[in-house]
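See structure below.
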Amino acid sequence: MLEADVPDAAHTLADTREARVTADTPALSQEETPYADALQAFVDQRPVHLMVPGHGGDADGLSRKLADFMGERTLQLDVPMLIEGIDLGEDPPLTRSLQLAAEAWGARRTWFLTNGASQANRTAALAIRGLGRNVLSQRSAHSSFSDGVLVSGLIPSFVQPSVDHVHGMAHGVSPESLETALREAEEQGRPAAAVYVISPSYFGSVSDVRGLADIAHAHGAPLVVDGAWGPHFGFHPDLPESPARLGADLVISSTHKLGGSLTQSAMLHLGDGPFADRLEPLIERAFTMTASTSTSALLSGSLDIARHALATGEEEIGRSIDAAREFRQRLREDPRFGVVSDVFGQFDDIVDTDLLRVPIDVSASGVTGHWMRRQMVAEHDIYFEMATATSVVAVIGAGKVPDYDRVYRALVEAVESEAAVFERAANAEDDAFPALPAPGELRMLPSEGFLGETELVPAAEAVGRVSSDTLAAYPPGIPNVIPGEEITAETVAFLQAVAASPTGYVRGAADGTVSRFRVVKNDRA
């Protein structure tokens, strides 16, 4: 049987989608969009498709409704992988687009991702496993990094983020806290092979990345920064700097969040630091494991264009920042509202603020943030990114200026509505949550706890058992128990109190009241 004339998708993907910036790289101009231009050139040739995808790049036949829904141009640009002149050939356009992205964010290399920042987190976890088994992670790590820990067999220890207990918000980690946690891990015989932190937070608080990188490097560990919410950093003097330029060794960047690319597109940046030579081949291999072999050209093209827009759009980004500042000031002048970032100075881990995130404190109006977010959708068709018990969080894309007048009028109308009267009465007797409990002992590897035989037991019987699930109470969204950890009485009480509150819930729980826990069978000490 003859071998089919089809390139090896996995190896070709690794060769073409990872492009390194070196001294020999031809001069780059951020005005270029090489990959997007190559897609357009391909479409302009009006090719006949005898390949995937099945819609054939046109509106004929069964594709009519899809073309009506999305536009025929979308179908035309939905080009499969491994096309000469796009991602194959001598110095293909994709390679140059990746080099441009690396230069724009100050990285040695950049990878385009079409499975979101979740793919970047899993890739990072798999890669750092090649440096050792122990990772020191910020306890509020995204679930996709926790998934990577499970899959890779990493052994985690944790550093707690600072918590704003008034607003139910988890922020970041200070260099001092990281130093303490690294020393404790070493004293316990589990020196960290890598460190994982988050900056910025969901609420726009920014950590001292340079200080954290210095501490991690002093302990022989690379710093991985989940910068999913900061893809626009480094593109305006009033915004924080790109973490890759501050010493971070790996940076997760969810480009679609505020950078303007299509949903589910992201990037992973390798910093040009002391661990780059060791990390680079590990990332290459891990990327091949996590990437799709049917990567979306639409998503990759949007990354190329978003990079161009950010790198050449300082003036428009400045207008976004100025408008957001004016909106903040308008909120401050109304005693019913506040701006949560105004109190960031109370936390020693916060050194800067993302001005394109506006966390609005609505507690002085007597309503909850959750109620306000629902009211904005139901009555005004205004969608905030998220809410806590006291606040709603507005996310503004770089270069965008929303109708702030409409937003402010809607906020005022909501708090002055009859519905708000009933909401205030309902909140009058709302009890505060108990103190955040310390995590239980890690009695087995998270992967063993997750993959082992399990059983559901009543909450009272779960105390002292080993959890198979990750359970995180919101607020503040920090995992209270992970697979492999012992469930404590304090954790059970805290989770049930949060679940019983009208403004809280527990992610990962077997039921809404947290009356049962999934534990490892035959796990008794």
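Keep in mind it's a predicted model, so treat the numbers as computed, not measured.
The two residues Pro200 and Ile198 come nearest to each other via the heavy atoms O-CG2, 3.6 Å. Ser199 approaches Ser207 most closely through the heavy-atom pair OG-N, 2.9 Å.
Formation of a donor-acceptor pair under 3.5 Å by the Ser201 side chain with backbone atoms of His171 is not found in this model. Not a single donor-acceptor pair under 3.5 Å links the side chain of Arg319 to the backbone N or O of Glu314. Although no hydrogens or angles enter the test, the distance criterion places no donor-acceptor pair under 3.5 Å between the side chain of Ser300 and the main chain of Ala297. For Asp238 (side chain) and Gly318 (main-chain N/O), no donor-acceptor pair under 3.5 Å exists by modelled atom type. Thr95 contributes no side-chain N or O that, together with a main-chain N or O of Asp91, makes up a donor-acceptor pair within less than 3.5 Å. Asp304 places a side-chain N or O within donor-acceptor distance of the main-chain N or O of Tyr35, the cut-off being under 3.5 Å. Side-chain atoms of Asp249 never come within 3.5 Å of backbone atoms of Gly271 as a donor-acceptor pair (strictly under, hydrogens ignored). Using modelled atom types, one side-chain atom of Arg139 and one backbone atom of Pro479 make a donor-acceptor pair closer than 3.5 Å. Panel note: side chain Ser320, backbone Lys400; a donor-acceptor pair is recorded below 3.5 Å. Gln264 places a side-chain N or O within 3.5 Å of a backbone atom of Thr114 that can act as its donor or acceptor partner.
One side chain, Ser391 or Thr388, offers a donor N or O that lies under 3.5 Å from an acceptor on the other. Using modelled atom types and a 3.5 Å distance limit, the side chains of Thr123 and Thr290 yield a donor-acceptor pair. A donor-acceptor pair shorter than 3.5 Å cannot be found between the side chains of Arg357 and Ser341. Donor-acceptor pairing under 3.5 Å is lacking for the side chains of Ser467 and Asp469. For the residue pair Gln40 and Arg73, a side-chain donor N or O sits within less than 3.5 Å of a side-chain acceptor on the partner.
With sequence neighbours left out, Ser144 forms a side-chain contact (heavy atoms from CB on, under 4.5 Å) with Ser118, Asn121, Arg122, His142. Under the rule for a side-chain contact (heavy atoms from CB on, under 4.5 Å), the partners of Arg406 that lie at least two apart in sequence or sit in another chain are Asp381, Ile382, Asp403, Arg409. For Glu72, there are no side-chain hydrogen bond (donor to acceptor under 3.5 Å, both in side chains) partners two or more places apart in sequence or in a different chain. Under the side-chain contact (heavy atoms from CB on, under 4.5 Å) criterion, Ala414 pairs with Trp371, Met372, Gln375, Met376, not counting sequence neighbours. Residues that satisfy the ring-ring contact (aromatic ring centres under 6.0 Å, His included) test with Phe384, not counting sequence neighbours, are absent from this structure. Among residues two or more places apart in sequence or in another chain, the side-chain contact (heavy atoms from CB on, under 4.5 Å) test is passed with Arg245 by Glu241, Ser242. Under the rule for a ring-ring contact (aromatic ring centres under 6.0 Å, His included), His256 has no partner lying at least two apart in sequence or in another chain. Applying the side-chain hydrogen bond (donor to acceptor under 3.5 Å, both in side chains) rule to Glu413 yields no partners; only residues at least two apart in sequence or on another chain are considered. Every residue was checked against the ring-ring contact (aromatic ring centres under 6.0 Å, His included) condition with Phe42, not counting sequence neighbours, and none meets it.
A salt bridge does not link Asp37 to Arg96: none of the charged nitrogens lies less than 4.0 Å from a carboxylate oxygen. Remark: Arg307 does not engage Glu103 in a salt bridge, criterion side-chain N to carboxylate O under 4.0 Å.
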> Can you list the steps and then say if Ser140 with Gln138 is a side-chain hydrogen bond (donor to acceptor under 3.5 Å, both in side chains)?
Replying inline: CA-CA 5 Å; Ser140 50; Gln138 185 169 324; 3.0 Å; yes
With a cut-off of 3.5 Å and sequence neighbours excluded, list every side-chain donor-acceptor pair involving residues 52-64.
from: His55; atom 1: ND1; to: Gly57; atom 2: N; distance (Å): 2.9
from: His55; atom 1: NE2; to: Asp78; atom 2: OD2; distance (Å): 2.8
from: Asp58; atom 1: OD1; to: Asp60; atom 2: N; distance (Å): 3.0
from: Ser63; atom 1: OG; to: His55; atom 2: O; distance (Å): 3.4
from: Arg64; atom 1: NH1; to: Gly61; atom 2: O; distance (Å): 3.3

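Here ring pair (Phe, Tyr, Trp, His ring centres under 6.0 Å) pairs that include residues 74-101, with residues two or more places apart or in two chains, number zero. Each ring pair (Phe, Tyr, Trp, His ring centres under 6.0 Å) pair with one or both residues in residues 60-107, not counting sequence neighbours, appears once here: Trp105-Phe235, Trp105-His269.
Evaluated for a side chain to side chain contact (heavy atoms under 4.5 Å, CB included) with Leu39, the options Leu94, Val79, Thr33 yield exactly one hit, Val79.
Taking CD of Glu280 as the start and CG of Leu250 as the end, the distance is 10.5 Å to the nearest 0.5 Å.
By the 4.5 Å heavy-atom criterion applied to side chains, Thr110 and Leu268 are not counted as neighbours.
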